Chemist: 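Here it is: the structure, laid out below.
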Amino acid sequence: MQRDTGAGDRTPGTPSPTHGGRLRHRKRSNEVPSDVNTTNGANLLLNDQNKYKSMLVRTYSSLWMMAGVVFLIYMGHLYIWAMVVVVQIFMAKELFNLLRKANEDRQLPGFRMLNWHFFFTAMLFTYGRFLSRQLVNTVTSDKLLYKLVSRLIKYQMFICYFLYIAGFVWFIITLKKKAYKYQFSQYAWTHMILLMVFAQSSFTVANIFDGIFWFLLPASLIAINDVAAYFFGFFFGKTPLIKLSPKKTWEGFIGASVTTLLSAFVLANFMGHFQWLTCPRKDLSTGWLHCDPGPMFTPESYDLPGWMPQWFPWREIAVMPVQWHALALGLFASIIAPFGGFFASGFKRAFKFKDFGDSIPGHGGFTDRMDCQMVMAVFAYIYYQSFVMVQDLSVETMLEQILRNLTFEEQHDLPNTPKNETKNRNADMNCIAE
């Protein structure tokens, strides 16, 4: 009996014969193999036709996101803060869902709510610490509300600690014998998420109330660096940059770095002319802002060197001091911040998934877009506190500290103090004399 030479006895990798003697070829993938010789000048991303469709989807969603951010910036600090809170909630949801197991969750009713209990406890603690001054300044006109807010701020740390301990006890009570490993891994994962989401993105809120400029410029530089790296890599990318992200190229990295530095210098000058962006917000209102821009946003003239050609129309240029600080932000955004993205790429590879979510078409989830932003927000806050903010105690700062320690009645009695009465009497005498 003749032996069957079917698929089971074929040498692996050889095509199977068909009835007509033809060879059936496997359908080739559109993806370009990693070992393609690129010396002929072919660009990996440029020759991949599927990337054009991905680029269009990515571009459309980016334009929608930009329009939304511009609208919120026009609305003011409070609305930007609300946007940050929404982004944090989506990021937490994506990260909470990564390591979930449906079978274990069904056996642990209420265990999922514990994650959100810790999340909102961390939110209350973080924003209570950062925005206590703005909150007090907002409610000084109402006696009852002022007393309530003052008590909440005074005991805020104790309240947050009590809520955390309540969650801790809740976790211990819900432990089940055959789910110890899963529950403790979720407990540790929840605390890691809180560290990633709040310990970094909370600095974003501090930057917003120090002046939208210190939120918008760093965030814009990250977006510009990301877009420039994508397009430079798309059209010119040949040399792989890092194994964690095979699609990242040196051409994209260098092109994006130069673009980001130039953009930082130009954008700082443009944004520095708008008081809505440069003035700090000291309360939680949404009214228009007016303030003294200070020396940081006051242009200084610099004479151009003598070797400049005669046809050049300018002999001096005006540069704001903040533009030099913007170069430092641009340098960090182009060289260090991308490593936040590399970290996220390594994390995704470790757990074998492509994106953290699918909330943003063409981009993945919110966490995929915020990985570099969180690293940048921390640096922008530390840089502002270290090199930009005036460290000397001003009279205004001292008065704010004094007012925060006065009762509601004492604050309203301030205009009737002897010092103010003498000042008002002298002012009246000057008016009469004139």
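Bear in mind that the values here come from a model prediction, so they are computed numbers and not experimental data.
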Chemist: To the nearest 0.5 angstrom, please state how far the CZ atom of F274 sits from the CZ atom of F297.
Modeler: 12.5 Å
Chemist: For the atom pair CD1 (I242) and OG1 (T249), what is the distance rounded to the nearest 0.5 Å?
Modeler: 12.5 Å
Chemist: State, to 0.1 Å, how close H325 and P321 come at their nearest heavy-atom pair, and which atoms those are.
Modeler: CD2-O, 3.4 Å
Chemist: Would you please name every residue forming a side-chain hydrogen bond (donor to acceptor under 3.5 Å, both in side chains) with T126, sequence neighbours left out?
Modeler: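 For T126 there are no side-chain hydrogen bond (donor to acceptor under 3.5 Å, both in side chains) partners, ignoring immediate neighbours.
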Chemist: L175 and I172: side-chain contact (heavy atoms from CB on, under 4.5 Å), yes or no, with the steps?
Modeler: CA-CA 5 Å; L175 286 175; I172 299 298; 4.2 Å; yes
Chemist: For the residue pair Y79 and F71, establish whether any side-chain heavy-atom pair is separated by less than 4.5 Å.
Modeler: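 In short, these two side chains do not touch, never coming nearer than 4.5 Å.
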Chemist: With distance as the sole test, does T174 use its side chain to make a donor-acceptor pair with the main-chain N or O of F171 at under 3.5 Å?
Modeler: yes
Chemist: When you measure from the side chain of D371 to the backbone N and O of A344, does any donor-acceptor pair fall under 3.5 Å?
Modeler: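 No, because the side chain of D371 does not come within donor-acceptor range (under 3.5 Å) of the backbone of A344.
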Chemist: Donor-acceptor check, side chain of Q156 to backbone of F125, threshold 3.5 angstrom: yes or no?
Modeler: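 Side chain of Q156 to backbone of F125, a donor-acceptor pair under 3.5 Å: yes, one is there.
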Chemist: Any side-chain to backbone donor/acceptor pair from N269 onto Q323? Under 3.5 Å, distance only.
Modeler: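 A pair under 3.5 Å: no.
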Chemist: Has Q373 got a side-chain atom pairing as donor or acceptor with I222's backbone, closer than 3.5 angstrom?
Modeler: no
Chemist: Residues in side-chain hydrogen bond (donor to acceptor under 3.5 Å, both in side chains) with H273, at least two apart?
Modeler: none
Chemist: Between F339 and V375, is any pair of side-chain heavy atoms under 4.5 Å apart?
Modeler: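 In short, these two side chains do not touch, never coming nearer than 4.5 Å.
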Chemist: Tell me if the aromatic rings of Y74 and W276 count as close, with their centers under 6.0 Å from one another.
Modeler: no
Chemist: Hey, could you give me each pair passing salt bridge (charged side-chain N to carboxylate O under 4.0 Å, His left out) that has a residue in residues 211-228? Not counting sequence neighbours.
Modeler: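 As it turns out, the salt bridge (charged side-chain N to carboxylate O under 4.0 Å, His left out) pairs with a partner in residues 211-228, which skip direct neighbours, are R58-D226, D226-R369.
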Chemist: Run the side chain to side chain donor-acceptor pair (under 3.5 Å) test on S345 and S245 for me, step by step, so that the C-alpha distance in whole Å, both residues' side-chain angles and the decisive distance to 0.1 Å come before the verdict.
Modeler: CA-CA 6 Å; S345 298; S245 297; 3.0 Å; yes
Chemist: Walk me through it: do V388 and D210 pass the test side-chain contact (heavy atoms from CB on, under 4.5 Å)?
Modeler: CA-CA 11 Å; V388 178; D210 285 332; over 6 Å; no
Chemist: So do M271 and T278 actually touch side chain to side chain, heavy atoms under 4.5 Å?
Modeler: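 Result no, sub-4.5 Å side-chain heavy-atom pair not found.
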Chemist: Search all heavy atoms of F215 against all heavy atoms of T204 and return the closest pair with its distance.
Modeler: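 Shortest heavy-atom contact: CD1-CG2, 3.5 Å.
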Chemist: Mind checking whether H77 and F209 have parallel, tilted or perpendicular rings, split at 30° and 60°?
Modeler: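 Geometry flag for F209 against H77: tilted rings.
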Chemist: Answer whether the closest heavy-atom distance between the side chains of N207 and F213 falls below 4.5 Å.
Modeler: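 No. Closest side-chain heavy atoms not under 4.5 Å.
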Chemist: Say whether, by atom type as modelled, one donor and one acceptor occur between the side chain of Q88 and the main chain of M123 under 3.5 angstrom.
Modeler: no
Chemist: Check the angle between the aromatic planes of F379 and F332 and answer parallel, tilted or perpendicular using the 30° and 60° thresholds.
Modeler: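 Parallel: the ring planes of F379 and F332 meet at under 30°.
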Chemist: Using ring centroids (six-membered ring only for Trp), state whether Y381 and W214 fall under 6.0 Å.
Modeler: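 No, too far apart.
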Chemist: State, to 0.1 Å, how close R315 and P309 come at their nearest heavy-atom pair, and which atoms those are.
Modeler: NH2-O, 3.5 Å
Chemist: Step by step, work out the side chain to side chain donor-acceptor pair (under 3.5 Å) result for E300 and Y302.
Modeler: CA-CA 7 Å; E300 298 178 354; Y302 293 88; 3.2 Å; yes
Chemist: Could you grab the distance from atom CZ of F232 to atom OG of S257, nearest 0.5 Å is fine?
Modeler: 10.0 Å
Chemist: Any chance you could lay out the side-chain contact (heavy atoms from CB on, under 4.5 Å) test for W116 and I89, step after step, and finish with the verdict?
Modeler: CA-CA 9 Å; W116 291 108; I89 292 174; 4.2 Å; yes
Chemist: Name all residues meeting the side-chain hydrogen bond (donor to acceptor under 3.5 Å, both in side chains) criterion together with Y164; count only those two or more places apart in sequence or in a different chain, and write none if there are none.
Modeler: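 Partners of Y164 by the side-chain hydrogen bond (donor to acceptor under 3.5 Å, both in side chains) criterion, ordered by chain and then number, come out as Y187, H191.
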Chemist: Determine, stepwise, if the pair T298 / M320 fulfils side-chain contact (heavy atoms from CB on, under 4.5 Å).
Modeler: CA-CA 6 Å; T298 302; M320 294 181 181; over 6 Å; no
Chemist: For E94, give me all partners under side-chain hydrogen bond (donor to acceptor under 3.5 Å, both in side chains), at least two apart in sequence or on another chain.
Modeler: S359, T367
Chemist: Is S61 reaching over with its side chain to a backbone N or O of P361, donor-acceptor style, under 3.5 angstrom?
Modeler: yes
Chemist: Output the distance between atom NZ (K238) and atom CD (E251), rounded to the nearest 0.5 Å.
Modeler: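 Answer rounded to 0.5 Å: 7.0 Å.
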Chemist: Could you please spell out the steps behind the ring pair (Phe, Tyr, Trp, His ring centres under 6.0 Å) verdict for F347 and F351?
Modeler: CA-CA 7 Å; F347 186 87; F351 290 94; 4.9 Å; yes
Chemist: Can you find a pair of side-chain heavy atoms, one from K248 and one from F342, that are under 4.5 Å apart?
Modeler: yes
Chemist: Check the orientation of F235 and F231. Use parallel for under 30°, tilted for 30 to 60°, and perpendicular for over 60°.
Modeler: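 The rings of F235 and F231 lie parallel, inter-plane angle below 30°.
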Chemist: For a 4.5 angstrom cut-off between non-hydrogen side-chain atoms, does L267 reach S220?
Modeler: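 Contact flag for L267/S220 side chains = yes.
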Chemist: Taking CZ in F270 as the centre, count heavy atoms belonging to other residues, nucleotides or ligands within less than 6.0 Å. Is the count above 12?
Modeler: no
Chemist: Kindly check if the number of other-residue, nucleotide or ligand heavy atoms within 6.0 Å of CG (D358) is above 12?
Modeler: no
Chemist: Rounded to the nearest 0.5 Å, what separates atom CG in L163 from atom NE2 in H117?
Modeler: 5.5 Å
Chemist: Determine the minimum heavy-atom distance between I335 and F253, stating which atoms define it.
Modeler: CA-CZ, 4.1 Å
Chemist: Which heavy atom of W189 sits nearest a heavy atom of L95, and at what distance?
Modeler: NE1-O, 2.7 Å
Chemist: Looking at C160 and T121, what are the two nearest heavy atoms and their distance?
Modeler: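 Reported closest heavy-atom pair: O-CG2, 3.5 Å.
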Chemist: Less than 4.5 Å apart, side chain to side chain, heavy atoms only: is that true for L277 and I73?
Modeler: yes
Chemist: What pairs meet the side-chain hydrogen bond (donor to acceptor under 3.5 Å, both in side chains) rule with one or both residues in residues 258-267, with sequence neighbours excluded?
Modeler: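 Matches after skipping sequence neighbours: N225-T260.
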Chemist: Roughly how far apart are I208 CD1 and R281 CZ, rounded to 0.5 Å?
Modeler: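 The CD1 atom of I208 sits 12.5 Å away from the CZ atom of R281.
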Chemist: In this structure, are over 12 heavy atoms from other groups packed under 6.0 Å from F168 atom CZ?
Modeler: no
Chemist: Near F353 CZ, under 6.0 Å, is it more than 12 heavy atoms from other residues, nucleotides or ligands?
Modeler: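 Counting neighbours around CZ of F353, more than 12 heavy atoms of other residues, nucleotides or ligands fall under 6.0 Å, so yes.
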Chemist: Could you label the plane-to-plane angle of the Y230 and F234 rings as parallel, tilted or perpendicular, counting under 30° as parallel and over 60° as perpendicular?
Modeler: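 Y230 and F234: tilted rings.
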Chemist: For M66, does the CE atom have more than 12 heavy-atom neighbours from other residues, nucleotides or ligands under 6.0 Å away?
Modeler: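 No, because the 6.0 Å sphere around CE of M66 holds 12 heavy atoms or fewer from other groups.
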Chemist: With no hydrogens and no angle check, is any side-chain donor or acceptor of R349 less than 3.5 Å from a backbone partner on L244?
Modeler: yes
Chemist: Mind checking whether T286 and M75 have side chains closer than 4.5 Å, heavy atoms only?
Modeler: no
